[in-house]
Protein chains: 2
Amino acid sequence: METLEHTFSISEAAERTGLTAHTLRYYERTGLMLTPVDRASSTHRRFTEQDITWVSFLTKLRATSMPIARIREYVELVRDGDESTASRLELLLRHRITVVAQLAEMQRSLTAIDVKIAIYEEKVAHA
Amino acid sequence: METLEHTFSISEAAERTGLTAHTLRYYERTGLMLTPVDRASSTHRRFTEQDITWVSFLTKLRATSMPIARIREYVELVRDGDESTASRLELLLRHRITVVAQLAEMQRSLTAIDVKIAIYEEKVAHA
DNA sequence: GTTTGACTTCGAGTGCGCTCGAAGTTCTAT
DNA sequence: ATAGAACTTCGAGCGCACTCGAAGTCAAAC
């Protein structure tokens, strides 16, 4: 049995993912999609729900500063199927460490900024 | 009364701030120092404790993705002295909002990545 | 006083991730 | 059938924040 699928034009996909159509084409051409996006009865792209879900996950990787090249490696592992599960896990665990570090650094920086803010607030209050 | 000050060469300053000498020169030339760095009895820079402290704060702003141009605005306000306190406070408060948003987005992204990790761990465990 | 290594300025180059524009094609609505 | 909007590919361009190299100057150690 086949799921009845709604597909999306590139502009609809852009809207749903928060990326631009330009960026979606760039991601495809730079090898970040699991498979080339379907071209239904025309040259125009049709994004499936799975495509959208995938791109959404890509944006999580990007939002945590994973470089495009690393994402490409990850994509290639996914294409390899089940045999690459352990490698994918390792890649994501490694990445996780950097994300936690980024969060910690940003949190520390925020604290330093908050100290300045408190000083300025004090000054302004006594002006 | 004057504080007896230890000063630092550019390579010492680099070591202390975690930046490269190249970057320190770049920051100075692009207008991010409060005043030009002293050149003691030569053309060579001598960084004071205050310089180091200042650069350290700059790195907090950079670590939270404040663009160089915005930092420059902030620096100019600091140079204006006390009359700019309110403006500086406002600038930092605005920035704070973006930092909190960044933290939230990164945290959400991490959660999504953790979901994948959990799936892979499950798979690997049952292999 | 000479060597060695750190420093100087300057402008150009790099890497990343988009971002854009041109020129042409296809879909949708009338 | 046709107008207009949305899409296509392609390669070039951009913005940001460094990063580097060349060519020369200076200083600390011997």
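Naming convention: chains lettered A, B, ... in sequence-line order (proteins, then strands); numbering from 1 in each chain. All figures in this text were calculated on a predicted structure; none of them were measured in a lab.
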Checklist entry - Between A:Arg45 and D:dC7, does any side-chain N or O lie under 4.0 Å from OP1 or OP2? => result no

Item to check | Whole-Å gap separating P (C:dT14) and OH (B:Tyr26) | outcome: 18 Å

Checklist entry - Over how many whole Å does the gap from B:Ile10 atom CD1 to D:dT25 atom P extend? => result 19 Å

Checklist entry - Could you give the CG-to-P distance, from B:Leu19 to D:dC20, as a whole number of Å? => result 14 Å

Checklist outcome for this item: By nearest-heavy-atom nucleotide on DNA chain D, the more 5' of B:Pro67 and B:Arg46 is B:Pro67

Next on the checklist: Between P on D:dC7 and CG on A:Asp38, what's the gap in Å once rounded to a whole number?
Outcome noted: 16 Å

Checklist entry - For B:Ser9, which contact category applies under a 4.0 Å heavy-atom criterion: base, sugar-phosphate, or nothing? => result sugar-phosphate

Next on the checklist: Under a 3.5 Å cutoff, is there a donor and acceptor pairing between the side chains of B:Arg39 and B:Thr43?
Outcome noted: no

Checklist entry - Is there a donor in the side chain of B:Arg45 and an acceptor in the side chain of B:Ser9, or the other way round, less than 3.5 Å apart? => result no

Item to check | Among D:dC18, C:dC18, C:dT8, the nucleotide that comes nearest once only the side chain of B:Ile68 is considered | outcome: D:dC18

Item to check | Length of the line joining B:Leu24:CG and D:dC20:P, which is rounded to integer Å | outcome: 14 Å

Checklist outcome for this item: A:His22 atom NE2 is separated from D:dG13 atom C1', nearest whole Å, by 12 Å

Checklist entry - Is B:Asp82 salt-bridged to A:Lys123, cutoff N-O under 4.0 Å? => result yes

Checklist entry - When you match A:Arg29 and A:His44 each to their closest nucleotide on DNA chain C, which lands nearer the 5' end? => result A:Arg29

Checklist entry - Any side-chain donor paired with an acceptor under 3.5 Å for A:Ser56 and A:Thr53? => result no

Item to check | Nearest-angstrom distance from the residue atom CZ of A:Arg72 to C1' of C:dC16 | outcome: 12 Å

Next on the checklist: Could you tell me if A:Gln102 and A:Ser65 have a donor-acceptor pair between their side chains, going purely by distance under 3.5 Å?
Outcome noted: yes

Checklist entry - Reckon A:Ser11 touches a base, only the sugar-phosphate, or nothing at all at heavy-atom distances under 4.0 Å? => result sugar-phosphate

Checklist entry - So what does A:Arg25 touch, heavy atoms closer than 4.0 Å: a base, only the sugar-phosphate, or nothing? => result base

Next on the checklist: So B:Arg39, base contact, sugar-phosphate only, or nothing? Heavy-atom distance under 4.0 Å.
Outcome noted: sugar-phosphate

Checklist entry - Taking atom P of C:dC18 as reference, at what distance in whole Å does atom CE of A:Met66 sit? => result 14 Å

Checklist entry - Does A:Thr43 or A:Tyr27 map to a spot on DNA chain C nearer the 5' end, using the closest nucleotide for each? => result A:Tyr27

